[in-house]
Structures are given as structure tokens and as C-alpha cells.
K.L.:
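This is the structure, below, for whatever I ask next.
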Amino acid sequence: MLTTDELERYDRQIMIEGFGEEGQEKLKRAKVFIAGAGGLGSPVSIYLIAAGVGTVRIVDHDKVELSNLNRQVLHWDEDIGKRKVDSVLAKLKQLNQSVKVQTIEEMITEANVLPLVADFDLIVDAMDNLPTRYVLNKAALERNIPFFHGAVYGFEGRAMTIIPGQTACLRCLYGGVVPGEKFPVVGVTPAVIGCIQATEVIKYIVGIGELLTNRLLIYDGLNLKFTELKVKKDPNCEHCRHLASKE
Ligand SMILES: [Zn+2]
């Protein structure tokens, strides 16, 4: 049940056709795992918490650096040197006190990923490197948890939604190619992509609209173009081939 305050707070989204109080209650019950408290993790967590997702867990192992501040908008000048999880928690608690926000300072690895995502309904990929994305992809497939991919480079970004056993996964998409670590980026790019990921999460939980599955959305900010690439499930995919029969 929604409280009087919640009905007022979420009034404008409850009005949306197909959303309603039922959709809002689904959001309230939902538990979303956000991997990363940086450029993508900032908008993803802000908009999911503003929308009333009941429980959010954010995992990050970094400290705030000056060079993060052009894009990681939950971290401010005063936060330099602090743990990112502490910096985001301080802001997010003020945004919406009715949401449970948990933060964990850990590096996500093969060894800890399963306990970290246990009991969570959705996983958002707000990482900055493909090896960790693959760790999350495998965990999502193994635990049958929908996985929301986003990535940025300069003025370009991409997003795709993965439903285990039904759609192409991240390994099907990238085929094991791992690019370099440090990449250029302007802050508006993760803002656009993070909002697309949050949109997908809200739609999935509420159960409306058409998901960004089996298609990679490519955003080109310099020419302001959105294009789509069809992505097929790879029958030889190292990560998801054992799930192929469920399609
Ligand atoms: Zn796959």
C-alpha cells in the first residue's frame, strides 16, 4: 500500500496510462543493484530513487578524485578524497527518505558478485570496464536477473537490456573484445545513457512498454543521432549458450 505522502510525491507518474498505483507499488517493492557510483551510477541512482524504487544497493570501491567531477554529478568539490559510496549516500538520503539506500565499498569480482547481488531483482551496469561488466553479465545469467547495460565514450554512448534465457547477453554483443581502460568522456553522455538505463529499469518493473532487448541503442551526441543495431543471441556464447534452450 502507498502512503498519502507517496501518492502525492509520485502523482505525476501514477497518472501515466498503464502505470497507476499498482505500478508505483511494484517500484516500492523492487530491489535494484547498481554496480558503480560514477558517471552512469549518478543519474541511474538519482532517477531510480526519485521514482520510488524501494531498495537500491550501490557498490563501488573508488574514492572521489578531481578528474571525476566533470561527469560524476553526485560527487562535488567537498567530496574529493572521500569514499564514493559515502559521497553518494549523503546526497541520495536527502533526495528521498522513503527509499532504502544501501552502499557497499567493494570491488566487484567473480568471488564476491553472487553474494552482492543475492536477493536483488535487477542489476544495472554502471561500470567503466568490460571485465567487470562480464562478471556482472555472468552473475545475472546465472541468477536469472535482468541486466541493464550502459557504456560511454566521449560524446558516444550505448545501452542494451538483457533478459537471461530470452535475449542476447553482453558477451553475445561484444564477443570477448576488451578495450583499454582510460577513456575520454563529457558529462552529458553518461547523463543521457544513465537516464536510458533508468527508463528501462522503471519500464521493466512496472511492466509497460517495449524493452531495449536484442538491439543495441547507439547515441552519437556530436551529430545528435540515435541509431540501433540488431543483436542476435550467439549460439556459441561462452556466457549464455547453456541458456539457449529457454528461448
Ligand atoms: Zn550470450
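Model, not experiment: these values are computed from the prediction. As the structure lists them, so they are numbered: ligands from 1, and atoms in each ligand from 1.
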K.L.:
Considering residues at least two apart in sequence or located in another chain, which fulfil the side-chain contact (heavy atoms from CB on, under 4.5 Å) criterion with Ser87?
P.N.:
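If we apply the side-chain contact (heavy atoms from CB on, under 4.5 Å) test to Ser87, skipping adjacent residues, the hits are Val64, His75, Asp79, Lys91.
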
K.L.:
Can you tell me which residue among Glu6, Arg29, Gln13, Arg9 is in a side chain to side chain donor-acceptor pair (under 3.5 Å) with Gln24?
P.N.:
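Result: among Glu6, Arg29, Gln13, Arg9, Gln13 is the only option passing the side chain to side chain donor-acceptor pair (under 3.5 Å) with Gln24.
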
K.L.:
Work out which heavy atom in Gly18 is nearest to a heavy atom in Val206; give both atom names and the distance.
P.N.:
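Residues Gly18 and Val206, closest heavy atoms: O-CG1, 3.9 Å.
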
K.L.:
Can you check the number of protein N/O/S atoms within less than 2.8 Å of the Zn ion (ligand 1)?
P.N.:
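That number is 4, waters not included.
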
K.L.:
State, to 0.1 Å, how close Arg215 and Glu210 come at their nearest heavy-atom pair, and which atoms those are.
P.N.:
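Taking Arg215 first and Glu210 second, the nearest heavy atoms are NH2-O, 3.9 Å.
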
K.L.:
List for me each residue that meets salt bridge (charged side-chain N to carboxylate O under 4.0 Å, His left out) alongside Glu110, sequence neighbours excluded, and say none if there are none.
P.N.:
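Testing Glu110 for salt bridge (charged side-chain N to carboxylate O under 4.0 Å, His left out), a comparison that skips the adjacent residues, returns Lys138.
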
K.L.:
Listing request: all ring-ring contact (aromatic ring centres under 6.0 Å, His included) pairs with a residue in residues 136-162, at least two apart in sequence or in separate chains.
P.N.:
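Of all non-adjacent pairs touching residues 136-162, those that pass ring-ring contact (aromatic ring centres under 6.0 Å, His included) are His149-Tyr174.
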
